[in-house]
Amino acid sequence: MNHQQLQNSTGRQQRCLKNKVSKDSRNKHILLFLLIMKVALLPLSANAQEPEQIAGAYLEKLELIIDYRNRFEAVHPFVSHLYPVAIAEDGFFYVFDLTDDGSSFALKLWEPTPMEVPVGTRAAFTLDFFQNKCAAVVTGDVFDEAAGYITIFHEFIHCHQWHTVEPELRSELPLAARMQEGQNFMWEINYEFPYDDRRFVALYTDFITALDQGQDEKVMTLRKELFAILSAYDRQYMVWQEWKEGYALYIENLLRKEAGLPVNTVGRKTPFNRTVFYAGGEALIAHLVSQKPELNTDLRALFEFIYSH
């Protein structure tokens with residue numbers, strides 16, 4: 001596909017989720033969802049740059065991803081999997097991917113963004129103009145500090161989930177099917193979960209504390225109580241976020257500890273929102289892996305265990 005053909009694809013939105021509803025309508029909503037979910041709403045840069053300038057500005061910084069991979073891959077095997085990086089700048093996605101020998105990144109193409117992408121964006125989704133590969137989608141400020149590089153690996157974990165088991169798991173989740181039927185393509189961000197229910201707040205707070213303290217019996221008791229007060233769809237939403245975002249946060253914090261950086265404590269303060277499941281999922285997964293090491297890398301088995309317990 002040449003650059004002119006790529007430009008002709010501008011009207012197409014990024015495709016993240018495979019389902020049976022209208023793809024054009026779905027993709028527009030999903031890209032918006034992913035950007036809203038990850039961004040800090042700050043002003044955009046005003047002056048466009050030539051692709052050669054972009055490559056010159058970022059190639060050296062991208063090479064550090066490989067250095068970090070080599071440093072961190074002993075921490076967790078999934079860290080060895082590198083994915084494309086799409087840098088949003090001046091109204092374009094500049095897509096960098098590994099060279100054929102995997103030794104470095106190279107600028108592969110650039111594509112106008114279908115909407116403004118705010119500085120601070122951190123996301124992962126497939127690029128329909130780049131062979132539907134999942135990419136870490138960021139803005140250039142991510143390279144300003146070491147924690148930013150670890151955030152890129154967080155997004156790479158989402159790419160790994162997508163390219164392995166996520167589509168199949170999603171197709172089996174009744175909540176996802178229900179949301180698709182209602183054409184709610186942003187359900188992962190706007191699902192009406194009862195975060196303000198005092199019973200839930202108390203139980204989930206105690207649940208995370210029990211996980212942090214390794215209180216096995218209390219963890220099991222609180223989990224049963226949580227499942228008892230939630231509807232079937234609420235339980236599925238909780239489990240989905242615990243598995244998807246909790247796992248990425250689990251890996252992120254392993255890397256932060258290895259790098260001597262403070263851990264990411266997102267979601268641990270009230271009032272709760274969906275990020276409480278990032279925190280709870282991370283704590284739950286760390287707890288489970290300590291007891292069942294095979295769950296460290298078996299994503300399907302991990303999801304099924306969380307779903308059924």
Side-chain angles (χ1 to χ4, degrees), residues 6 9-18 26-45 48-49 51 54-55 57-59 61-62 64-66 68-69 78-79 81-98 105-145 147-163 166-167 185-186 188-189 244-245 247-249 251-252 264 266 278:
L6 292 175
S9 70
T10 303
R12 295 179 290 157
Q13 307 301 306
Q14 316 317 308
R15 178 164 63 87
C16 285
L17 313 176
K18 293 181 180 178
R26 175 196 61 194
N27 291 343
K28 294 176 183 177
H29 289 82
I30 289 174
L31 175 58
L32 177 60
F33 152 60
L34 286 165
L35 293 179
I36 291 173
M37 182 170 66
K38 297 283 186 177
V39 303
L41 296 177
L42 299 175
L44 287 171
S45 173
Q49 299 182 48
I54 291 291
Y58 288 114
L59 278 176
K61 296 176 180 179
L62 286 159
L64 288 177
I65 294 176
I66 296 175
Y68 277 109
R69 187 273 308 275
F78 290 171
V79 175
H81 300 290
L82 302 183
Y83 293 89
V85 178
I87 301 174
E89 190 161 319
D90 303 322
F92 281 82
F93 286 131
Y94 297 95
V95 182
F96 295 81
D97 199 3
L98 291 172
F105 279 89
L107 178 62
K108 297 296 186 177
L109 55 82
W110 52 96
E111 173 81 359
T113 61
M115 63 180 68
E116 290 189 346
V117 181
V119 173
T121 292
R122 311 287 186 261
F125 50 86
T126 58
L127 304 176
D128 67 346
F129 56 85
F130 192 52
Q131 304 166 23
N132 287 316
K133 291 182 179 181
C134 189
V137 180
V138 299
T139 49
D141 59 300
V142 76
F143 302 109
D144 290 347
E145 56 185 9
Y149 284 89
I150 292 176
T151 300
I152 291 174
F153 282 97
H154 175 119
E155 303 305 339
F156 283 170
I157 292 300
H158 287 314
C159 291
H160 186 74
Q161 289 171 318
W162 175 255
H163 284 299
E166 182 180 337
F185 310 118
M186 297 172 64
E188 288 178 281
I189 187 174
K244 184 173 180 179
E245 291 291 348
Y247 190 79
L249 184 61
I251 302 298
E252 176 186 337
N264 185 345
V266 63
Y278 303 12

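For the numbers below, each heavy atom of this structure counts, side chains included, while hydrogens, waters and symmetry mates do not. The first residue of the sequence shown is numbered 1, and numbering continues consecutively from there.
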Grab the two heavy atoms, one from [X] and one from [Y], that are nearest each other, plus how far apart they are.
X: H163; Y: N132; value: CE1-O, 4.0 Å
X: F92; Y: T113; value: C-CG2, 3.5 Å
X: I54; Y: E89; value: CD1-OE2, 3.6 Å
X: C159; Y: A136; value: SG-N, 4.1 Å
X: P84; Y: F156; value: O-CE2, 3.8 Å
X: V79; Y: R69; value: O-CG, 3.3 Å

Testing D97, V95, L127 one by one against L109 for a side-chain contact (heavy atoms from CB on, under 4.5 Å), which residue passes?
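So the option named by the test is V95.
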So how far is it from R122 CZ to H158 NE2, rounded to the nearest 0.5 Å?
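The NE2 atom of H158 is 13.5 Å from CZ of R122, to the nearest 0.5 Å.
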Does [Y] offer a backbone N or O that forms a donor-acceptor pair with the side chain of [X] under 3.5 Å?
X: T139; Y: G120; value: yes
X: E111; Y: Y94; value: no
X: H154; Y: I251; value: no

For residues L82 and Y68, determine if any side-chain heavy atom of one lies less than 4.5 Å from a side-chain heavy atom of the other.
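When only atoms from C-beta onward are counted, Y68 and L82 do not touch, as no gap falls below 4.5 Å.
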Verify the ring-centre separation between F143 and Y149: is it less than 6.0 angstrom?
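Y149 vs F143: aromatic centres under 6.0 Å.
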